[in-house]
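Quick notes on the structure that follows.
In this text the structure is predicted, and so the values were computed from the model without any measurement. Sequence lines set the chain letters: A, B, ... in the order given, protein chains first and strands last, and positions in each chain run from 1. As a basis for the values below, the full set of heavy atoms in this structure was taken, side chains included, without hydrogen atoms, waters or symmetry mates.
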Amino acid sequence: MVSGFASAGHMGMAEECFRDAPEKEDAVLWTAMVSGYMDAGNVDKAMEFFQAMPVRNLVSWNAVLAGYVKNSRAEDALRVFKTLVRDANVRPNESTLSSVLLGCSNLSALGLGRQIHQWCVKLPFSRRVTVGTSLVSMYCKCGDLEGACKRFSEMRTRDVVAWNAMISGYAQHGDGREAIRMFEKMKHKGVEPNCITFVAVLTACIHTGLCDFGIQCFESMQEAYGIEPRVDHYSCMVDLLCRAGLLERSVNLIRSMPFEPHPSAYGTLLAACRVYKNLEFAEFAAGKLIEQNPQSAGAYVQLANIYAAANQWANVSRVRRWMKDNAVVKTPGYSWVEIKGVIHEFRGESEGANANEAQ
DNA sequence: CTAGGGTTAG
């Protein structure tokens, strides 16, 4: 019940249940509170519970480790990992390693990642898929693509997740063609791609400018693999089409989506409209963005700039009035400089909906 | 109760 409330984000209820529990020594109960608060982003509360635990097991330690990483506190995660290895009377397992390697990735701490890699080779479970995949991912994110390839080739079994890590690694490093080659190889080996595979492949297409192949993938994921595209797939497609200058196709795709697109899709479109000087679609994209977030200045400014570039000054002032009517708050820009030990702060113009001087 | 893979604009 405690973990039920915790996973639903009702920490108040979870805490009530926790207090009423008959067995106070139960590590499972305490760990549910720790991970519940970690998931809710309340690291301090989570650690209060962890410190107060009468009995800790490996899962409790892993919950703290994973929680720190999730809440972008990788340094703390690594600190906990050191104490875990040194003086906690628990032996790390796969999930310990996954979390700590992800922590290394977030810090781009390649040296430390390598050290942990060397150290974990000796462990009995080091050859499992999960550990291998975590290593591949860590090497990719720390910029050592060669290291990632080595780990990948050492793996005895490679499931979808392992392939996805390698494919997206190539895609992230701008080697879209190699990513696509891996994708073909994966299919050849009989591993079924899943929805995340296609996000990685579409990303690779974006980076490599392979518009037609991307469209082909998008279609085949539905027809050949029965995977329904999600918001992220649509976002990739919008980006792909926009970069190729196919604005109309991109708008049609957005219109055909069975759900609301991610706001960034409109942002991508708007930016592309500026490049390709398309006023009609710019109005459409900016309108949607403003509808979703009328107080934010970004879309108005973009739109006004597009009109200005087309010498449509009447429209520029229309956008300005529109901004005023919606009481747009422009977050003021700050800058500071240190002169002889004194910090001088400057604040940009904050009021006034002057679309030209913004940006 | 913990734990491996994911993207894009400016």
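Distance from the side chain of A/Ala66 is smallest to B/dT2 among B/dG4, B/dG5, B/dT2. Taking every side-chain heavy atom of A/Thr268 into account, B/dA9 is the closest of B/dG4, B/dA9, B/dA3. Taking only side-chain atoms of A/Lys70, from C-beta outward, the nucleotide of B/dA3, B/dG5, B/dG10 with the closest atom is B/dA3. Checking B/dG5, B/dC1, B/dT7 against every side-chain atom of A/Val28, the shortest atom distance belongs to B/dC1. With distances taken from any side-chain atom of A/Ala63 to the nucleotides B/dA3, B/dT2, B/dT7, the minimum falls on B/dT2.
The separation between A/Arg230 atom CZ and B/dT7 atom P is 13 Å, rounded to whole Å. Atom pair A/Asp239:CG and B/dG10:C1' shows a separation of 12 Å (rounding to whole Å applied). What separates CG of A/Asn62 from C1' of B/dC1 is a distance of 10 Å, to the nearest Å. Atom CG of A/Leu240 and atom P of B/dA9 are 12 Å apart (whole Å). Atom CD in A/Glu94 sits about 10 Å away from atom C1' in B/dG4, given to the nearest Å. Atom pair A/Asn305:CG and B/dG10:P shows a separation of 14 Å (rounding to whole Å applied). Here the P atom of nucleotide B/dT7 and the OH atom of A/Tyr234 are 21 Å apart, to the nearest Å. The nearest whole Å value for the distance from the OH atom in A/Tyr68 to the P atom in B/dA3 is 16 Å.
The shortest distance between the side-chain N/O atoms of A/Arg243 and the OP1/OP2 oxygens of B/dA9 is below 4.0 Å.
Side chain to side chain, A/Tyr307 and A/Gln302 fail the donor-acceptor criterion of an N or O pair below 3.5 Å. In summary, the side chains of A/Asn93 and A/Asn62 do present a donor paired with an acceptor at a separation below 3.5 Å, with no hydrogens or angles considered. Judged by distance alone, the side chains of A/Tyr234 and A/His262 never bring a donor and an acceptor atom under 3.5 Å apart.
Under a 4.0 Å N-O distance rule, the pair A/Asp239/A/Arg243 qualifies as a salt bridge.
Residue contacts shown for A/Thr203 are limited to sugar-phosphate atoms, with no base heavy atom under 4.0 Å away. Base engagement by A/Ile196 is indicated by at least one non-hydrogen atom pair under 4.0 Å involving a base atom. If you check every strand for non-hydrogen atoms under 4.0 Å, A/Ala200 touches nothing. Note on A/Val2: nothing from the nucleic acid sits closer than 4.0 angstrom, heavy atoms only.
A cation-pi arrangement is present between A/Arg255 and A/Phe284, with the terminal nitrogen or guanidinium carbon under 6.0 Å from the aromatic centre and inside a 45° cone about the axis. In this structure, A/Arg320 is not positioned above the aromatic face of A/Tyr300 in the sense of NZ or CZ being under 6.0 Å from the six-membered ring centre and within 45° of the axis.
Across residues 216-225 of chain A, not one residue has a non-hydrogen atom less than 4.0 Å from an atom of DNA chain B. Listed by residue number, the members of residues 159-186 of chain A with any heavy atom below 4.0 angstrom from DNA chain B are A/Asp159, A/Val161, A/Asn164, A/Ala165, A/Ser168, A/Gln172.
The backbone N or O of A/Val129 lies less than 3.5 Å from a partner atom in the side chain of A/Thr133, making a donor-acceptor pair. Side chain of A/Arg56 to main chain of A/Phe50: a donor-acceptor pair is present (N/O by atom type, distance under 3.5 Å, no hydrogens or angles). A distance-only check finds no donor-acceptor pair linking the side chain of A/Asn71 to the backbone of A/Arg73 [under 3.5 Å].
Interface remark: the A/Thr130 side chain does not form any donor-acceptor pair with the B/dG4 base, using a distance-only criterion of under 3.5 Å.
Legend: residues meeting side-chain contact (heavy atoms from CB on, under 4.5 Å) with A/Pro54, ordered by chain and number and at least two apart, are A/Glu25, A/Trp30.
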